[in-house]
Amino acid sequence: QDLSGSMSSQAQSRIQKIAGHLLAASPAAGGSCPVSRDSCPVSRASGSPAAGARGGCPCPASGSCSRGEPACPYVADSVKAWPLINSNPHVVSTAAPLRVVITGAAGQIAYSLIFMIAKGEMFGPHQPVVLHLLDIPKMVDSLKGVIMELQDCALPLVRGVVATDNLKEAFLNANVILMVGAFPRGPGMERKDLLAKNVAIFKEQGAAIEQFASRDVKVLVVGNPANTNCLAAMSMAPSIPKRNFSALTRLDHNRALAQIALKVGVPVQRVHNVVIWGNHSNTQFPDLTHAHISHYPQEGITTPASSAIGDDKWVKSTFIPDVQQRGAAVIKARKLSSAASAATAVVGHVRSWLLGTRSGEVVSMAVSSDGSYGVPEGLIYSFPVTCKDGNYTIVQGLSVDEFGKGMMGTTAKELLEERTMAFELLGLKL
């Protein structure tokens, strides 16, 4: 109030803004409004990406958080987001849901993934979804239990769930497809036998994407061999832009970040811009040449990861093989393959792709090569990328030494061999 006892215009404006947030937070509006919850710069700093909380909130660690102002985290989100993503907390109840397909939906990875998506971790806290859960006929009954659990969670972003073994029902009008299911490698199985099994699966599903999915659908292949499975599906959907397909190397990317953080002794959120080149296999090249560590060795200083480590022998003899073989190490220790970490990587991959990467942030995605860095065109090859508006851009101009070029060539050679086998199985010409 001013000295006369009247309420100032500034105070009136502030009350109106708070009222707007409270209205948006009501159940009728579809859930809580995180903007009002984040209005304190201190709490916002604890939720920023640098602090490693709240699953990748794009807001800076300081600045005003009033509704509609530039530093508001969810207004900022909309600047880089795919146009189909709703980032407005005030229209959740009327926002069009995304139709999200998860194949292999009764499996381990999918069980973690489904609930992460349903809680808003992939598309943000204001984007409703309809989940399409696809699996083979004998697994559909088990999906009924997953549906019951989703219902029991009472998650406001879930507008519907479809559980099916029918490709048309699964892929019809799909906006995002997460191809998690694949035929696993069994004892004594040769690589060509594994490719034959999976090429048949992804050929059929790729044809269904071509026939039934939305024309701007985004497709992420997770099931291994992910790069070549992605190539098979993409080849069967010629009307869908090639840049709408990608394969998962974010898990390898996250593993590399974690190994550097452990070596240097810093929180993992301070490690940035590692690169995974090539195939999601033990020929991949985890590259820390361009990575850096923020606030190290003290606040305000950024140090190249290679300088912070200062041990090239460790990089070549420990870091690279540990990242390459981490999946096998998990299986040996756990007697099961990676599940929660894989689901987390899927969420991170799609979130970066569709909500955008932060300024200066580089992530790894396996995408159709355009010839960058001498990689043969058309291979599904992991590159460093940045993302905006639902599109990725391959980062250009990174220097690669002779050792790195040799590693990149080895993994490209493996992918070329896989492509030759896959195209023979698909009946396609190179």
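When every heavy atom of G278 is checked against every heavy atom of T411, the shortest pair comes out as CA-CG2, 3.5 Å. Closest non-hydrogen pair, I394 versus V385, comes out as CA-CG1, 4.1 Å. Between G404 and F285 the shortest heavy-atom distance is CA-CE2, 3.5 Å. Closest approach of V363 to S352, counting heavy atoms only: CG1-OG, 4.1 Å. Of all the heavy atoms in N227 and S382, the pair that sits closest is ND2-N, 4.5 Å. V350 and L220 get closest at one heavy-atom pair: CG2-CD2, 3.8 Å.
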Output, in order, the C-alpha distance, side-chain angles, deciding distance and verdict of side-chain contact (heavy atoms from CB on, under 4.5 Å) for Q211 and F171.
CA-CA 9 Å; Q211 188 173 0; F171 291 131; over 6 Å; no
Yes or no on side-chain contact (heavy atoms from CB on, under 4.5 Å) for N175 and V100, after CA distance, side-chain angles and deciding distance?
CA-CA 6 Å; N175 303 114; V100 184; over 6 Å; no
One pair to check against side-chain contact (heavy atoms from CB on, under 4.5 Å): L84 and D216. What are the steps and the verdict?
CA-CA 10 Å; L84 294 185; D216 59 358; 3.7 Å; yes
Can K197 and I201 be said to form a side-chain contact (heavy atoms from CB on, under 4.5 Å), step by step?
CA-CA 7 Å; K197 290 282 189 182; I201 293 169; 5.5 Å; no
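Cation-pi contact between K316 and F403: present, with separation from the ring centre below 6.0 Å and deviation from the ring axis of at most 45°.
At distances below 3.5 Å, not a single donor-acceptor pair connects side-chain atoms of D252 with backbone N or O atoms of I276. For the pair R270 (side chain) and H295 (backbone), a donor-acceptor distance under 3.5 Å is present. Using a distance-only test at 3.5 Å, with no hydrogens or angles considered, no donor-acceptor pair links the side chain of H132 to the main chain of V101. The closest donor-acceptor contact from the side chain of Y373 to the backbone of L398 lies under 3.5 Å. Here the side chain of R159 pairs no donor or acceptor atom with the backbone of L157 at under 3.5 angstrom. The main-chain N or O of M408 is found under 3.5 Å from a side-chain atom of Y381 such that the two form a donor-acceptor pair. Using modelled atom types, one side-chain atom of D135 and one backbone atom of A105 make a donor-acceptor pair closer than 3.5 Å. With hydrogens and angles ignored, the 3.5 Å screen pairs a side-chain donor or acceptor of Q127 with a backbone N or O of N86. When atom types are taken as modelled, the side chain of N279 and the backbone of T410 share no donor-acceptor pair closer than 3.5 angstrom. With hydrogens and angles disregarded, no donor-acceptor distance shorter than 3.5 Å links the side chain of T357 to the backbone of T386.
In the displayed structure, K138 atom NZ is contacted under 6.0 Å by at most 12 heavy atoms of other residues, nucleotides or ligands. More than 12 heavy atoms of other shown residues, nucleotides or ligands fall within 6.0 angstrom of atom CZ in R419. For E204, the CD atom counts as loosely surrounded, since its 6.0 Å shell holds 12 or fewer non-hydrogen atoms of other residues, nucleotides or ligands.
One finds the SG atom of C230 at 11.5 Å from the CG atom of L379 (value rounded to the nearest 0.5 Å). Interatomic distance, CG of D389 versus CH2 of W82, reported as 12.0 Å (0.5 Å rounding). Here the CG-CE distance, from N229 to M179, works out to 8.0 Å after rounding to the nearest 0.5 Å. With rounding to the nearest 0.5 Å, the separation of NE2 in H280 from CG in L251 is 6.0 Å. The NE2 atom of H126 lies 12.5 Å from the OG atom of S93; values are rounded to the nearest 0.5 Å. Taken from CE in M407 to CG in D287, the straight-line distance is 9.0 Å, to the nearest 0.5 Å.
T164 and N166 form no side-chain donor-acceptor contact under 3.5 Å, judged by distance and modelled atom types alone. For the residue pair R255 and S338, a side-chain donor N or O sits within less than 3.5 Å of a side-chain acceptor on the partner. Side chains of Q284 and T249: a donor-acceptor N/O pair is absent below 3.5 angstrom, by distance only.
Side-chain contact check for M421 versus V199: every heavy-atom pair is 4.5 Å or farther apart. Side chains of E361 and H272 form no contact here, defined as non-hydrogen atoms less than 4.5 Å apart. P286 places none of its side-chain heavy atoms less than 4.5 Å from the side chain of V274. Residues I380 and L415 form no side-chain contact, since every pair of their non-hydrogen atoms from C-beta on lies 4.5 Å or further apart. With contacts defined as side-chain heavy-atom distances shorter than 4.5 Å, the pair V362/H290 does not qualify. Counting heavy atoms from C-beta outward, V264 and V271 have side chains that stay 4.5 Å or more apart. Between T289 and S306 there is no side-chain heavy-atom pair separated by less than 4.5 Å. Annotation: side chain of M236 is not in contact with side chain of E210 (no heavy-atom distance under 4.5 Å).
Using cut-offs of 30° and 60° for the angle between ring planes, the F115 and Y111 rings count as perpendicular.
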